[in-house]
Amino acid sequence: MFLHLIEADGPRYRQVYAALRRAILSGELAGGARLPSTRTLAQSTGLSRITVQLAFEQLLAEGYVEARVGSGTYVVPGVEPTAPTQLAARPAARPPRLSAFARRLAGGTPLLSGRGHNRPRPRYDFRHGLPDLAALPRARWRRLLGRQTRRAERTAYDYGPAAGAPALRAAIAAYLRRARGLACDEAQGVIGNGAQQGRALC
């Protein structure tokens with residue numbers, strides 16, 4: 001679906017974004033039309049789901065589509081179709097010249113150090129400490145982060161206690177008391193920036 005609209009050059013998510021944007025502006029995707037799911041579109045184009053999700057997020061940020069919770073992604077009604085001649089008359093933006101490092105980033109190639117850094121991405125990634133980014137509800141995360149940032153006091157942007165935020169330590173201690181039956185309080189906890197810092201502190 002829309003595979004014929006995807007160009008050969010440029011970052012892959014930009015190709016998907018441009019193809020869907022052209023389909024919306026040309027009227028092929030009318031206002032209110034439901035877009036295929038990111039999983040379906042990724043399978044039909046042979047791209048990763050994250051690549052397609054980035055394209056959808058760009059369309060969402062520019063107001064071409066809207067996400068409806070539990071329903072899907074839809075073209076925003078009222079987007080004025082552009083005549084094909086007008087689309088063709090626009091000069092194509094000259095793609096920037098990228099370094100080899102930037103091309104690997106744009107192409108989704110894993111940046112592994114040492115020999116074999118150009119190896120294709122494995123089907124399963126067993127590196128420790130790396131969450132499943134495809135399962136992260138990014139839209140909800142952004143909303144919650146924005147809400148908390150707007151409510152935060154000025155002191156929240158300054159250096160905090162060395163042991164970590166007191167509210168976070170209190171919440172962790174409450175969870176440990178409830179779920180694990182541990183007799184502890186926030187004064188006994190230290191928040192680190194990962195396993196490496198935790199081992200260094202120990």
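When a residue number appears, it is its place in the shown sequence, counting from 1.
Counting all heavy atoms, side chain and backbone alike, Leu60 lies closest to Ala67 at CD1-N, 3.8 Å. The two residues Glu186 and Ala173 make their nearest non-hydrogen contact at N-CB, 3.8 Å. Cys184 approaches Leu176 most closely through the heavy-atom pair SG-CB, 4.0 Å. Shortest non-hydrogen contact noted between Gly32 and Tyr74 is O-CD2, 3.3 Å. Taking both residues in full, the closest heavy atoms of Ser26 and Ala23 are given as OG-O, 3.2 Å, listed atom of the first, atom of the second, then distance.
More than 12 heavy atoms of other shown residues, nucleotides or ligands fall within 6.0 angstrom of atom CZ in Arg177. The 12-atom threshold is exceeded at CZ of Arg68, counting heavy atoms of other residues, nucleotides or ligands nearer than 6.0 Å.
A single hydrophobic cluster is seen to contain both Tyr175 and Leu168, as judged by linkage of ILVMFWY side chains at heavy-atom distances under 4.5 Å, directly or through other members. Cluster membership check: Leu136 does not share its hydrophobic cluster with Leu144, using side-chain heavy-atom separations under 4.5 Å among Ile, Leu, Val, Met, Phe, Trp and Tyr.
Contact check for Leu41 versus Phe56: side-chain heavy atoms found under the 4.5 Å cut-off. Here the side chains of Arg138 and Ile50 are in contact, with some heavy-atom distance below 4.5 Å.
Taking CG of Leu59 as the start and CG of Leu54 as the end, the distance is 11.0 Å to the nearest 0.5 Å. In this structure, CG in Leu182 is found 9.5 Å from CD in Gln188, a value given to the nearest 0.5 Å. The distance from atom CD of Gln43 to atom OG of Ser48, rounded to the nearest 0.5 Å, is 12.0 Å. The line from CD of Gln196 to CZ of Arg199 is 4.5 Å long, rounded to the nearest 0.5 Å. A distance of 13.0 Å separates CZ of Arg39 from OG of Ser44, quoted to the nearest 0.5 Å. Rounding to the nearest 0.5 Å places CD1 of Ile24 at 6.0 Å from CG of Leu35.
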Working for side chain to side chain contact (heavy atoms under 4.5 Å, CB included), residues Gln58 and Arg21 | CA-CA 10 Å; Gln58 185 68 32; Arg21 181 177 177 273; over 6 Å; no
Could you walk me through whether Tyr17 and Glu62 pass the side chain to side chain donor-acceptor pair (under 3.5 Å) test, one step at a time?
-> CA-CA 11 Å; Tyr17 154 78; Glu62 295 182 9; 2.6 Å; yes
Test Arg34 against Thr73 for side chain to side chain contact (heavy atoms under 4.5 Å, CB included), laying out the working first.
-> CA-CA 6 Å; Arg34 185 178 185 274; Thr73 304; over 6 Å; no
Given the rule in the side chain to side chain donor-acceptor pair (under 3.5 Å) test, do Thr38 and Arg49 qualify, once you have shown the distances and angles that lead to the verdict?
-> CA-CA 6 Å; Thr38 56; Arg49 191 177 177 194; 3.0 Å; yes
Verdict with reasoning, Leu20 to Tyr64, per side chain to side chain contact (heavy atoms under 4.5 Å, CB included) | CA-CA 9 Å; Leu20 291 172; Tyr64 290 107; over 6 Å; no
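Side-chain atoms of Thr149 come within 3.5 Å of backbone N or O of Leu145 as a donor-acceptor pair.
Gln53 and Glu57 share no side-chain donor-acceptor pair at under 3.5 Å.
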